[in-house]
Trainee: 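Let me begin by handing over the structure; questions about it come next.
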Amino acid sequence: QVQLVESGGGLVQAGGSLRLSCAPSGRTLRPSAMGWFRQAPGKEREFVATITWSSGMPYYTDSVIGRFTISRDNAKNTVYLQMNSLKPEDTSIYFCASTYRGGPYRTASQFDNWGQGTQVTVSS
């Protein structure tokens, strides 16, 4: 199983920005897709954004369109999530995920490998 390591979470005021990064801890095969999900206390894990590795096609949940941008660095096998105009409702634990399966890439069940999560807190 691939181990993924996230970084970049933290505390920010509403309207601020954060950039999350995620990379596998060792050498791995290139995935079909990588992405980000989030889970708030008492809620189910939800899709945020994913990106296909070969074509770089991004997918976003509606609530982050225009504010978040997902990207990947093929050479580093790293995926990024640039989060701008953050809102208090974005507060959650953000999990990085990767998969070798086919799409669609909007559900957690399509992803086999997960990071430990990084906390993002947006204060009002």
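These figures come from a predicted structure and were not determined experimentally.
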Trainee: Aromatic ring centroids of Phe37 and Phe111 under 6.0 Å?
Mentor: yes
Trainee: Apply side chain to side chain contact (heavy atoms under 4.5 Å, CB included) to residues Gln116 and Leu4 and explain how you reach the verdict.
Mentor: CA-CA 8 Å; Gln116 293 298 309; Leu4 301 173; over 6 Å; no
Trainee: Does Tyr100 share a hydrophobic cluster with Tyr59, counting links as ILVMFWY side-chain heavy atoms below 4.5 Å and allowing steps through other members?
Mentor: no
Trainee: Answer yes if Met57 and Tyr105 sit in the same cluster of Ile, Leu, Val, Met, Phe, Trp and Tyr residues linked by side chain heavy atoms under 4.5 Å apart, and no otherwise.
Mentor: yes
Trainee: In the structure I gave you, are the side-chain heavy atoms of Asn113 and Thr99 within less than 4.5 Å of one another anywhere?
Mentor: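 No, side chains not in contact.
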Trainee: Measure from NZ or CZ of Arg45 to the centre of the six-membered ring of Phe95 and say whether it is under 6.0 Å with the direction within 45° of the ring axis.
Mentor: yes
Trainee: Per the side-chain contact (heavy atoms from CB on, under 4.5 Å) rule, which among Val5, Val79, Thr78 passes with Cys96?
Mentor: Val79
Trainee: Which atom names give the shortest non-hydrogen contact between Ser55 and Thr52, and what distance separates them?
Mentor: OG-OG1, 2.8 Å
Trainee: Between OH of Tyr94 and CZ of Arg38, what distance do you get to the nearest 0.5 Å?
Mentor: 4.0 Å
Trainee: Could you tabulate the donor-acceptor pairs under 3.5 Å formed by side-chain atoms of residues 117-124, not counting sequence neighbours?
Mentor:
{"residue": "Thr118", "atom": "OG1", "partner": "Gly9", "partner atom": "N", "Å": "3.3"}
{"residue": "Gln119", "atom": "NE2", "partner": "Ser92", "partner atom": "O", "Å": "3.4"}
{"residue": "Gln119", "atom": "NE2", "partner": "Thr121", "partner atom": "OG1", "Å": "3.3"}

Trainee: Using every non-hydrogen atom in the two residues, find where Trp114 and Ala108 come nearest and quote the distance to one decimal.
Mentor: CZ2-O, 3.6 Å
Trainee: If you measure from CH2 on Trp53 to CG on Asn77, what distance do you get to the nearest 0.5 Å?
Mentor: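 Here the interatomic distance stands at 5.5 Å.
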Trainee: With rounding to the nearest 0.5 angstrom, report the OH to CH2 distance, Tyr60 to Trp36.
Mentor: 13.0 Å
Trainee: Could you check whether atom CD of Glu89 has more than 12 heavy atoms from other residues, nucleotides or ligands sitting under 6.0 Å from it?
Mentor: yes
Trainee: For the atom pair OH (Tyr80) and CE (Met34), what is the distance rounded to the nearest 0.5 Å?
Mentor: 10.5 Å
Trainee: Answer yes or no: is there a side-chain heavy-atom contact under 4.5 Å between Asp90 and Phe68?
Mentor: yes
Trainee: For the pair Arg101 (side chain) and Asp112 (backbone), establish whether a donor and an acceptor sit closer than 3.5 Å, ignoring hydrogens and angles.
Mentor: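 No, the answer is negative, given that no donor and acceptor are paired below the 3.5 Å cut-off.
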Trainee: Do Leu81 and Ile65 sit in the same hydrophobic cluster, where Ile, Leu, Val, Met, Phe, Trp and Tyr count as joined when their side-chain heavy atoms come under 4.5 Å apart?
Mentor: yes
Trainee: Using 0.5 Å steps for rounding, measure from the CZ atom of Phe47 to the OG1 atom of Thr61.
Mentor: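 Reported to 0.5 Å precision, the distance equals 6.0 Å.
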Trainee: When rounded to the nearest 0.5 angstrom, what distance separates CD in Gln39 from CD in Glu46?
Mentor: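 CD of Glu46 is found 9.5 Å from CD of Gln39.
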Trainee: Please tabulate, one pair per line, all N/O donor-acceptor pairs under 3.5 Å involving side-chain atoms of residues 15-29, not counting sequence neighbours.
Mentor:
{"residue": "Ser17", "atom": "OG", "partner": "Asn84", "partner atom": "OD1", "Å": "2.9"}

Trainee: Would you name the heavy atoms of Ile70 and Pro58 that are closest together and state the gap between them?
Mentor: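 Heavy atoms of Ile70 and Pro58 come nearest at CG2-CB, 3.8 Å.
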